[in-house]
Amino acid sequence: MKIETKFNQLKEEDRKAFITYFPFGFPKIAYTNDIFLALQKGGVDIIELGFPFSDPLADGPIIQKASACALEQKITIDIFFDTIKKIKKDINIPIVIMSYYNPIYRYKLAKFFKKAKVNKISGTILVDLPFEESSQYINQARKQGIDPIFFITPTTSAKRAKKIAKNSKGFIYYVSIAGITGPKALSYSDISSHIKDIKKITNTPVCVGFGIHNHKQVRRISFFSDGVIVGSEIVKFIDKNYKQINFLQKLENHVRRLRS
Amino acid sequence: MLLPNKKGYFGEFGGKFIPETLFFCLKELDDAYRQIKKDKKFKKEFKLLLSHYAGRPTPLYYARSLSDHLGLKVYIKREDLLHSGAHKINNALGQALLAKFMGKKRIIAETGAGQHGVATATAATLLGIKCEVYMGREDMERQKANLFRMKILGAKVNPVTIGTKTLKEACSQAFRDWVANVSDTYYLLGSVVGPHPYPKIVRDFQTIIGKEAKRQILSAQGKLPDYLVACVGGGSNAIGLFHPFYKYSKVKFIGVEAAGFGQGGLSAASLVKGSPGVFQGSKSYVLQEKNGQIKNAHSIAPGLDYPGVGPEHSFYKAIQRAEYEAVSDKQALEGFNMLSRFEGIIPALEPAHAVYYLKKLAKSAKGKTVILCLSGRGDKDLDIVRKYSK
């Protein structure tokens, strides 16, 4: 599904997007599809599927640890695509791949986006590829009709924000706080005023991520944004519960509670 | 040709591959650096610190015994004689002054061997700025003396316990700290690596090595040398020596990387054994798996124990301006002993790699003149050498 279609749907339902992140291959490759489907069942609107990188500069301890765990299983991009291919027909929400640039760069951009399209990927986010370095990436993504999603952060200047907003498709990822991923206390007034500024320059939906880890934050931030992204909290939950027999049901309930 | 260009590229290498939050910091840094470069007061203060505090110029010493032994004319650029024990102080003083100029209240740094950490702690203390250093747990064990020195100098040392627990992770942790503390913190990066403008700033502060060496060799023998030899981890001492000779194409550059265990084993030879990739902020050669995951590095010399290398070196390799060779742990120890016994100079294990390479070079370059950059002294490495000698 196109991300745009999803946001139109949400608009009609008068809801905000609830987006969750989890890394491919964590805790084991065999879990990825089940986790994906449990999140979908729990009412997640868009899933950010991480492709782990050995040196995740922007991630806090929770995602660092999960990435290292996934990498121990010798994951590759081919294995990644082959895995999600198996549930292709059951997927009815947009999937966004989130990673760092090097694995994609080594795989070759053209090949990556071709395969991404075949496997129903709707968008991509590369944490360490700023707009200035991304002309080829944007071209290849567009060629396959995949949305390249860029970040705006509290330190992004107004001039830069304009350029980023113009090039970010699907949605704009607004980073709640200058910092790395992981649970944090957040200032709603700061975030809300930044979002107001971004809304003045673009019609693209703006979703907020980093630090969001509880139901209250989800609700408050949904109020003045187009969606929220929960990452580390989901990863932490998976880490804590995946060995239990009713894990998938628990995960489904957990996300349902978070978004309600 | 302007190197790097405005976007921070040396040919196809370099750039700024960083999370969006840091974009602002790098621009602020770039702007401040441009301003300070032209500032007379800054230049004067920096020059004074380099001469009266750090001990510049360092001698270019003709190593007679070693030369006779090898059949080369070996001149040694004595960066090991600098205050705090290595060339790292050149860059640390320059950037700490820049931090002060920018009004930053806190300096953070990564360190492997501890030399950059010690140099940063030294410069920060001198200028009255708070200092925190990230150091891998493994390196804290290997370089206890430097760890203690940093603490004496008043720096807070934060152990890094993830991954290989060495320089690569220390560097990532420093970046993460910076992302979270952008407004008051200055990240004092220790080598010619990372996103633009770091490879340029660090190079500029280190080119004093090559500028002095050029003047000194001309006065010693009336002509330029045939070879420049320096060890390469991230590559700051090598670029510092090489860069001022860039346009003299007859002067050959040889960068010596760490082959670690040698043969198929773990190494830190990014240029010799790696491939182009994007790692810790720039596009450059890096040791990586086929699937783009960064490999773990290994070297007996903690300061070389890093899977990446500065983009300017990758560029020199691509245009064949420099050659890069790799020397193993065992060979580096031989270099360590060679310089100690022939010249009474105990080198750090990092430049000991370059010292050993002279033995190889001597086979094909009899009678030629070589400048070797002795980037640091060996006091910090006595424990490692003792352990290996057993």
Side-chain angles (χ1 to χ4, degrees), chain A residues 51-61 64-65 67-68 70-71 74-80 99-108 112 125-134 150-157 160-161 164 168 172-175 177-182 184 210-211, chain B residues 6-9 14-28 160-164 168-185 194-196 274-284 286-296 306-308:
Chain A
F51 184 79
F53 180 52
S54 51
D55 297 77
L57 266 191
D59 284 305
Q64 281 175 41
K65 195 179 144 206
S67 299
L71 287 169
K74 305 277 169 212
I75 54 163
T76 66
I77 291 178
D78 283 327
I79 298 174
F80 173 81
S99 189
Y100 288 77
Y101 187 39
N102 199 49
I104 317 299
Y105 168 76
R106 294 298 300 177
Y107 194 79
K108 301 283 184 253
F112 174 78
I125 307 176
L126 297 183
V127 178
D128 58 348
L129 190 69
F131 163 71
E132 280 72 10
E133 303 283 356
S134 64
F150 287 96
F151 295 92
I152 292 179
T153 75
T155 63
T156 307
S157 70
R160 237 178 105 68
I164 294 171
S168 192
I172 291 163
Y173 193 131
Y174 181 73
V175 177
I177 197 170
I180 54 177
T181 59
K184 276 173 202 76
F210 280 43
Chain B
K6 273 193 180 156
K7 290 181 112 185
Y9 275 89
K16 279 188 205 181
F17 295 86
I18 35 116
E20 174 64 26
T21 305
L22 288 180
F23 200 90
F24 154 84
C25 316
L26 292 173
K27 184 165 186 311
E28 184 188 52
V160 179
T161 54
I162 45 174
T164 51
K168 171 174 96 119
E169 272 76 21
C171 204
S172 288
Q173 273 313 95
F175 271 111
R176 292 185 184 113
D177 179 316
W178 201 26
V179 174
N181 299 288
V182 287
S183 58
D184 71 339
T185 297
H196 178 67
S275 51
V278 174
F279 172 59
Q280 290 186 340
S282 60
K283 188 181 284 181
S284 193
V286 60
L287 294 172
Q288 58 184 326
E289 310 281 354
K290 236 166 73 191
N291 63 14
Q293 303 294 345
I294 307 305
K295 276 189 190 170
N296 291 336
Y306 183 67

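Hydrogens, waters and symmetry mates are skipped; everything else that's a heavy atom, side chains included, is used. Residue numbers begin at 1 in each chain, while the letters A, B, ... track the order of the sequences.
Contacts of B:Pro276 with chain A are made by both backbone and side-chain atoms, with heavy-atom separations under 4.5 Å. Heavy atoms of A:Phe51 lying under 4.5 Å from chain B belong exclusively to its side chain. Heavy atoms of A:Tyr107 lying under 4.5 Å from chain B are absent altogether. With a threshold of 4.5 angstrom between heavy atoms, A:Ile104 does not approach chain B through any atom at all. Both the backbone and the side chain of A:Ala178 come within contact range of chain B, with heavy atoms under 4.5 Å apart. Residue contact with chain B, scored on non-hydrogen atoms closer than 4.5 Å, involves the side chain of A:Ile164 exclusively.
Listed here is the closest heavy atom pair of A:Pro130 and B:Phe23: CB-CD1, 4.4 Å. Nearest heavy-atom pair across A:Ser54 and B:Ile294 is OG-N, 2.8 Å. Contact record, B:Arg176 with A:Pro56: NH2-O, 2.7 Å, taken as the closest heavy-atom pair. Considering every non-hydrogen atom in both B:Lys290 and A:Arg106, the closest pair reads O-CB, 4.2 Å. Shown here for B:Val278 and A:Phe53, the closest heavy-atom pair between the two residues is O-CZ, 4.3 Å.
Within the model, atoms CD of A:Glu133 and NE2 of B:His196 stand 10.5 Å from one another, a figure rounded to the nearest 0.5 Å. A distance of 8.0 Å separates SG in B:Cys171 from CG in A:Leu57, rounded to the nearest 0.5 Å.
Partner B:Thr21 forms a side chain to side chain contact (heavy atoms under 4.5 Å, CB included) with one of A:Ile180, A:Thr156, A:Thr155 and no other, that one being A:Thr155.
Your options are A:Asp55, A:Thr76, A:Leu129, and the one with the most heavy-atom pairs under 4.5 Å with chain B is A:Asp55. Of all the listed residues (B:Gly281, B:Gly163, B:Ala180, B:Gly15), the one sharing the greatest number of non-hydrogen pairs under 4.5 Å with chain A is B:Ala180. Heavy-atom pairs under 4.5 Å with chain B peak, among A:Asp59, A:Asp78, A:Ile152, at A:Asp59. The choice from B:Gln293, B:Glu169, B:Gln288, B:Gln280 that makes the most heavy-atom pairs within less than 4.5 Å of chain A is B:Gln293. No other option in B:Phe175, B:Phe17, B:Trp178 has as many heavy-atom pairs under 4.5 Å with chain A as B:Phe17.
Using modelled atom types, no side-chain atom of B:Asn291 and backbone atom of A:Ile77 make a donor-acceptor pair closer than 3.5 Å.
With contacts defined as side-chain heavy-atom distances shorter than 4.5 Å, the pair B:Glu20/A:Val175 does not qualify. The shortest side-chain heavy-atom distance between B:Phe279 and A:Asn102 does not fall under the 4.5 Å cut-off.
Within 6.0 Å of NZ on A:Lys184 lie more than 12 heavy atoms contributed by other residues, nucleotides or ligands.
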